[in-house]
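Taking it in order: structure first as structure tokens, then the write-up.
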Amino acid sequence: MPELPEVEVTRRGFADRIAGARIESVRVGKPLRWALAVEPGALAGRGVLGVRRRGKYLLVDLDAGLLLMHLGMSGSLRFDTALPAPGTHDHFDLVTSRGTLRLNDPRRFGAVVYVEDEASPLARKLLGGLGMEPLGDGFDFEAFHAGLRRRRAPIKQVLLAGDVVVGVGNIYASEALFLAGIRPTLSAARISRPRALRLHAAVRDILARAVERGGSTLRDFSNVDGQSGYFQLEATVYGRKGEPCRVCATPVRMMRQGQRATYFCPVCQKH
DNA sequence: AAAAGCCCCTGGATGC
DNA sequence: TGCATCCAGGGGCTTT
């Protein structure tokens, strides 16, 4: 569900409010993707230092250890001092002195995992292979281009894989490639330098813009206060199969790449 | 090493 | 209205 912008908007929505809180209790509902990996009661009494993001993971730093949270396809977080009794899909509550952080995740592809530190085997397994952060200063073009050159797979799938650059999900991959004028099937290794420059800028711009708009093209994304982000940012090609391209009016095409839908304009993205 | 498939799970939309 | 089918924002794991 959530791509980088939604995860970042989620983080900003509660990071300052939860920092400095003390954990009072932890409630675990139905199993998520992985087990919490700590006895819930063992977290009571610990302090919350802050919340960082790495790719689509949220890292909740405690005064001892940290929680890795992932929203999967259908997860969302709420943070409030007065939440109703947990519903069917509320599978994790972190009850703190400042409020309760609650994960709602119908499909349960998400996860909350405790690790002692980022060097732990589990943290390394999950975070170790992640690529560059697209927002901020670390998104170096030369490294990006070098990353593309060593991959022969279609550029759409290289963007999605997250080992060159993180945070680009299925919607924003199509959107960024449209913005850059690049055909999603083009082998990443065959992208010329000028076009790689356009893609580098497109990835950054599309994600930054979505963060600014407060989250997204996603129909059922809601922020930590429970407000919906219903089509705050209109998709240019994603989900618009058969509809006219906003630039040239040619019908947008849909195809499948690795079991995921890809949308593109055959004219604006010739190769 | 890289690439391609396979799953995990639930709910909503669509079609008969 | 009822039921079957398809599809969905992710990504780790297994197999080529």
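Here the structure is a predicted model, which means the values were calculated and not measured. Every chain is numbered from 1 and lettered A, B, ... according to where its sequence line falls, protein lines coming before strand lines.
The side chain to side chain donor-acceptor pair (under 3.5 Å) with Asn170(A) is formed by just one residue from the set Glu3(A), Lys156(A), Gln257(A), Glu175(A); it is Lys156(A). With respect to Leu103(A), the side-chain contact (heavy atoms from CB on, under 4.5 Å) criterion is satisfied by exactly one of Asp90(A), Asp93(A), Leu32(A): Leu32(A).
Within the structure, a side-chain polar atom (N or O) of His89(A) is placed less than 4.0 Å from OP1 or OP2 of dG11(B). Taking 4.0 angstrom as the limit, Lys30(A) places a side-chain polar atom (N or O) nearer than this to OP1 or OP2 of dT10(B). Phosphate proximity of dA4(B) to Gln259(A): absent, as no side-chain N or O sits under 4.0 Å from OP1 or OP2.
Arg151(A) comes within 4.0 angstrom of the backbone, heavy atoms only, and of no base. Here Ala261(A) lies in heavy-atom contact (under 4.0 Å) with sugar-phosphate atoms only. Counting non-hydrogen atoms under 4.0 angstrom, Gly169(A) reaches the backbone sugars and phosphates but no base.
For Leu148(A) and dA2(B), the CG to P distance is 13 Å, given to the nearest whole Å. What separates CD of Glu3(A) from C1' of dG10(C) is a distance of 9 Å, to the nearest Å. For the pair Leu58(A) CG and dG10(C) C1', the computed distance is 14 Å after rounding to whole Å. Rounded to an integer number of Å, the gap from Leu103(A) CG to dT10(B) P is 15 Å. Distance CG (Leu160(A)) to P (dA2(B)): 18 Å, rounded to an integer number of Å.
In this structure, the ring of Phe264(A) has its center no less than 6.0 angstrom from the ring center of Phe178(A).
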N/O contacts under 3.5 Å, protein versus nucleotides 12-15 of chain C?
| residue | atom | partner | partner atom | Å |
| --- | --- | --- | --- | --- |
| dG12(C) | OP1 | Tyr57(A) | OH | 2.9 |
| dG12(C) | O4' | Arg33(A) | NH2 | 2.8 |
| dC13(C) | OP1 | Lys125(A) | NZ | 3.0 |

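Between Tyr263(A) and Tyr238(A), the ring planes lie perpendicular to each other; the angle is over 60°, past the 30° to 60° tilted range.
By the neighbour-count criterion of 12 heavy atoms within 6.0 Å, atom CZ of Arg124(A) is sparsely surrounded, having that number or fewer from other residues, nucleotides or ligands.
When each of Arg107(A) and Arg150(A) is assigned the nucleotide of DNA chain B with its nearest heavy atom, Arg150(A) is the one assigned upstream, toward the 5' end.
A donor and an acceptor atom never sit less than 3.5 Å apart when one is taken from the side chain of Arg108(A) and the other from the base of dC9(B).
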Could you provide the dot-bracket string of DNA chain C, using ( ) for intrastrand pairs, [ ] for crossing pairs and | for bases paired to another strand, with Watson-Crick or G-U pairs below 3.5 Å?
.|||||||.|||||||
